[in-house]
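Input: a single structure, listed below in structure tokens.
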Amino acid sequence: MDRIYITTPMYYVNAEPHLGHTYTTVIADTLKRYYRQQGIDAFLLTGTDEHGDKIAQAAKENGMAPQAYADRISGVFRATWDECGIDYDHFLRTTDDYHKRYVQEILQKLYDNGDIYFGEYGGFYCYGCERFYTEKELVGGKCPDHQTAPAYIKEKNYFFRMSKYQQRLIETLEAKPDLVRPERYRGEVLAFLREPLEDLSISRPKSRLDWGIPLPFDPEHVTYVWFDALLNYVSALKYKGEDVFEAYWPKANHLIAKDILKPHAIYWPTMLMAAGLPLYEHLDVHGYWVMDSGKMSKSLGNVVRPLEMKKRFGMDAFRYFLLREMVFGQDANFSFDALVNRINADLANNFGNLVSRVLAMQQRYFSGAVQPLGALRDEDIALRDKFVQAEEEMKQHMAALQFHRALESLWSAIDHANRYIVQTAPFTLFKDEAQRPRVGEILHHLLEVIRSSARLLAPFLPDTSRQLNRLLAVPAGEANSRKPWGTFFPAGHKISPPAVLFPRIEPEGEA
RNA sequence: CGCGGGGUGGAGCAGUCUGGUAGCUCGCAAGGCUCAUAACCUUGAGGUCCCGGGUUCAAAUCCCGGCCCCGCAACCA
């Protein structure tokens with residue numbers, strides 16, 4: 001059986017879930033549902049990253065112990081994904097015992113193999129980034145990320161011999177063009193690797209930071225947060241069992257945003273090489289959501305919180321927007337106008353209204369009873385083929401992570417169905433008694449449209465898909481039926497009256 | 001020579017990798033339908049696809065050069 005292992009990053013618990021976290025998690029969930037539907041066994045991992053300086057500081061500011069603070073935020077993440085209906089298989093916390101043990105196991109292994117050595121390091125350290133900067137990297141003497149002057153500190157550190165694996169990593173990237181996707185990020189990584197790679201400092205003296213995993217070979221030091229966090233992708237599987245690990249590693253698709261490209265494209269593969277593990281299959285990198293109204297800011301009150309979006313627009317509508325609006329890999333704009341526009345145009349008008357008119361006619365003309373089908377006419381065949389075509393296109397686009405195009409393809413078929421109604425005009429034909437059997441056929445085809453849509457939408461809009469199947473009275477377990485067009489509904493099968501799937505959102509309704 | 005993204009009808013965006021009628025949403029104009037969530041359907045107006053070269057039978061798309069805009073501040077995906 002084919003398998004795929006889908007991961008989100010372990011979200012750093014210094015902030016509560018916002019738009020970015022939600023996007024990554026939603027595409028991960030969509031992919032999982034999609035692969036499952038294709039008969040591919042998919043395992044979805046998410047979780048929280050809880051060690052490090054920033055967390056220790058944030059906890060202090062909140063007057064809490066680091067663990068208590070991490071417990072709270074991690075709990076918010078988990079509750080959020082639960083509330084959003086994210087179908088994850090495991091939620092890892094980097095403070096979980098099994099994870100800590102695994103990190104120590106790997107550290108010991110690399111130490112024994114000579115890939116970790118003790119050295120002295122002096123340099124400009126940015127507390128915000130939790131990393132040292134070379135003078136060359138500083139911009140005007142300040143950290144390019146935080147615009148603050150770093151402190152010069154000198155300390156004994158343990159180093160991972162990352163440089164040793166540089167050549168092998170370059171060769172791997174060249175041999176596997178789809179290891180890092182989309183292309184532009186692979187290029188970025190290769191560009192970075194043209195410069196000599198420095199060894200990675202992987203420890204912090206306890207005197208400076210004690211909120212971390214102690215090194216097994218030197219309890220006076222704790223593990224650098226990235227070295228700790230990256231190993232989660234393996235430790236989670238190991239925790240589930242050696243058989244689970246064997247089943248899913250290395251069939252990993254890591255989903256990340258572009259800001260954490262370097263740890264995932266450079267640290268992580270070299271760590272895997274040193275640990276003697278095969279590399280992941282894909283690193284899938286997406287862009288940022290840019291707020292139309294300026295920066296995302298608490299003070300401006302425009303922070304996008306997933307649960308508020310769910311409450312205000314419905315989770316499926318929000319998912320639709322995220323998946324349809326962003327081109328995977330590129331930045332996209334987030335605005336309420338665009339969101340409302342998408343919901344009204346695509347979901348309420350085109351699709352919701354289509355379902356509504358079909359079910360209304362089915363109800364009014366035949367009391368909901370499905371009518372028998374005769375020979376297909378040209379327009380019926382064209383309609384069916386449009387959905388066959390959409391499904392094929394969706395398959396290609398999903399393989400390329402082109403969610404927006406997958407949905408576009410489906411909507412092209414949905415548009416065709418709206419045209420089909422106008423062209424065949426069942427509401428006119430119905431006035432002629434002799435034409436009523438044909439009206440029954442037309443509606444039968446339109447019910448197939450809805451059933452196909454429910455199936456094709458399932459990974460993207462799971463709740464809507466379920467609701468559609470309920471309206472169609474599709475028996476449990478047959479939602480994914482591939483029975484040929486026109487053979488699914490027996491004559492007399494009762495369909496429910498229409499329901500409003502996506503209410504139109506009036507512009508003045510937004511704050 | 002810091003890195004990266006982008007410049008496509010009034011607005012917002014796809015399309016560019018794998019050259020071959022320039023597409024979508026909104027808006028605008030006219031018409032149709034009345035089953036439907038004032039939704040749906042048809043037609044129309046509106047485009048030097050940033051500029052200049054080059055390759056080609058053919059370039060928004062490939063190559064070279066140039067111009068302009070935007071991020072790299074953050075609660076960070």
Side-chain angles (χ1 to χ4, degrees), chain A residues 8-9 11-12 14-28 54 58 128 136-137 139 142-148 177 182-185 187-188 191-192 255-261 285-292 294-300 302-305 322 324-327 329-333 335 337-338 340-342 344-365 400 402 404-405 408 411-412 415 417-430 439 442-443 446 498-506:
Chain A
T8 75
Y11 300 117
Y12 210 42
N14 62 345
E16 296 196 4
H18 56 69
L19 182 59
H21 301 117
T22 310
Y23 177 71
T24 315
T25 309
V26 163
I27 55 175
K54 275 197 233 176
K136 203 174 136 194
E137 285 175 307
V139 179
K142 290 180 174 179
C143 161
D145 272 351
H146 293 82
Q147 301 295 320
T148 54
E183 182 74 27
R184 62 162 65 98
Y185 295 107
E188 217 172 290
F192 184 78
L255 296 168
I256 62 165
K258 63 183 183 181
D259 61 325
I260 52 175
L261 177 63
V285 188
H286 70 253
Y288 284 163
W289 285 98
V290 179
M291 299 301 289
D292 244 20
K295 332 172 221 194
M296 222 196 281
S297 146
K298 255 181 195 167
S299 49
L300 290 176
N302 63 353
V303 176
V304 177
R305 298 201 177 282
L322 295 179
R324 177 65 183 79
E325 196 75 5
M326 179 176 265
V327 178
Q330 294 180 196
D331 289 357
N333 292 314
S335 77
D337 283 353
V340 168
N341 183 42
R342 278 285 175 211
N344 283 345
D346 296 357
L347 296 180
N349 296 349
N350 290 345
F351 185 64
N353 183 55
L354 170 68
V355 172
S356 196
R357 61 205 300 214
V358 169
L359 296 189
M361 286 190 273
Q362 186 66 44
Q363 196 63 31
R364 183 190 294 192
Y365 300 154
Q402 297 288 295
H404 73 295
R405 293 173 85 170
E408 227 171 43
W411 251 258
S412 157
D415 288 343
N418 272 318
R419 282 197 289 277
Y420 174 85
I421 295 181
V422 173
Q423 279 156 12
T424 58
F427 38 84
T428 304
L429 294 183
F430 189 77
V439 172
I442 291 167
L443 290 175
L446 288 165
V500 172
L501 297 172
F502 302 99
R504 276 183 64 85
I505 297 158
E506 298 311 323

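In what follows, chains carry the letters A, B, and so on, assigned in the order in which the sequence lines appear, proteins first and then strands, with residues in each chain numbered from 1.
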Practice task
Evaluate side-chain contact (heavy atoms from CB on, under 4.5 Å) for A:Leu501 paired with A:Leu347, printing each intermediate quantity in order.
Solution key: CA-CA 8 Å; A:Leu501 297 172; A:Leu347 296 180; over 6 Å; no
Handout entry: Distance, C1' atom - from B:U55 to B:G19, rounded to whole angstrom
Key = 11 Å
Completion exercise
Among B:C35, B:U37, B:C41, the one nearest any side-chain atom of A:Met361 is B:C35
Practice task
Quote, to the nearest angstrom, the C1' distance that separates B:U34 from B:C26.
Solution key: 25 Å
Handout entry: Interatomic distance where CG belongs to A:Leu501 and C1' belongs to B:U37 [whole Å]
Key = 10 Å
Exercise for the section: Determine the Euclidean distance between corresponding C1' atoms of B:G2 and B:A45; express it in Å to zero decimal places. Expected result: 47 Å
Handout entry: Residue-phosphate contact under 4.0 Å: A:Asn333 side-chain N/O, B:G12 OP1/OP2
Key = no
Fill in the blank from the handout: Of the candidates B:G15, B:C33, B:A36, the side chain of A:Phe427 sits closest to B:C33
Problem - Residue-phosphate contact under 4.0 Å: A:Arg184 side-chain N/O, B:G5 OP1/OP2 - result: yes
Exercise for the section: Please state the C1' separation for the pair B:U18 and B:A59 - nearest whole angstrom. Expected result: 14 Å
Report, one pair per line, the protein and nucleotides 24-29 of chain B atoms (nitrogen or oxygen only) whose separation is under 3.5 Å.
{"from": "B:U25", "atom 1": "O2'", "to": "A:Asn341", "atom 2": "ND2", "distance (Å)": "3.0"}

Problem - Euclidean distance for C1', B:C3 against B:U48 (whole angstrom) - result: 32 Å
Practice task
Report the nucleotide, chosen from B:U34, B:C40, B:U37, that has the shortest atom-to-atom distance to any side-chain atom of A:Thr428.
Solution key: B:U34
Problem - Rounded interatomic separation in angstrom, taking CE from A:Met326 and P from B:G12 - result: 18 Å
Fill in the blank from the handout: Taken to the nearest 0.5 Å, the spacing of A:Thr25 OG1 from A:Leu255 CG works out to 9.0 Å
Practice task
Name the orientation class of the two ring planes belonging to A:His286 and A:Tyr23 (parallel below 30°, tilted from 30 to 60°, perpendicular beyond 60°).
Solution key: perpendicular
Handout entry: A:Arg419 side-chain proximity, nearest of B:A36, B:G15, B:C41
Key = B:C41
Handout entry: Short side-chain N/O contact to B:C13 OP1/OP2 from A:Arg405, under 4.0 Å
Key = no
Handout entry: Separation between the C1' atoms of B:C70 and B:A38, rounded to whole Å
Key = 40 Å
Completion exercise
Here the distance between atom P of B:G5 and atom CG of A:Leu261, to the nearest Å, is 12 Å
Practice task
Using the P atoms only, state how far B:C49 lies from B:G10, rounded to an integer number of Å.
Solution key: 13 Å
Exercise for the section: Could you tell me whether the phosphate oxygens of B:A14, OP1 or OP2, come under 4.0 Å of any side-chain nitrogen or oxygen in A:Gln330? Expected result: yes
Exercise for the section: Could you work out the separation of B:G65 and B:U21 based on their P atoms and round it to a whole Å? Expected result: 29 Å
Handout entry: Candidate pair A:Leu429 and A:Thr424, rule side-chain contact (heavy atoms from CB on, under 4.5 Å), full reasoning
Key = CA-CA 8 Å; A:Leu429 294 183; A:Thr424 58; 5.5 Å; no
Problem - Considering all heavy atoms, the nearest A:Asn333-A:Trp289 contact - result: O-CZ3, 3.4 Å
Practice task
Check the distance between B:C17's C1' and A:Gln402's CD and give it to me in whole angstrom.
Solution key: 11 Å
Acceptor/donor pairs from residues 355-364 of chain A side chains to any protein atom, 3.5 angstrom cut, sequence neighbours excluded:
{"from": "A:Arg357", "atom 1": "NH1", "to": "A:Asn418", "atom 2": "OD1", "distance (Å)": "2.8"}
{"from": "A:Gln362", "atom 1": "NE2", "to": "A:Ala369", "atom 2": "O", "distance (Å)": "2.8"}

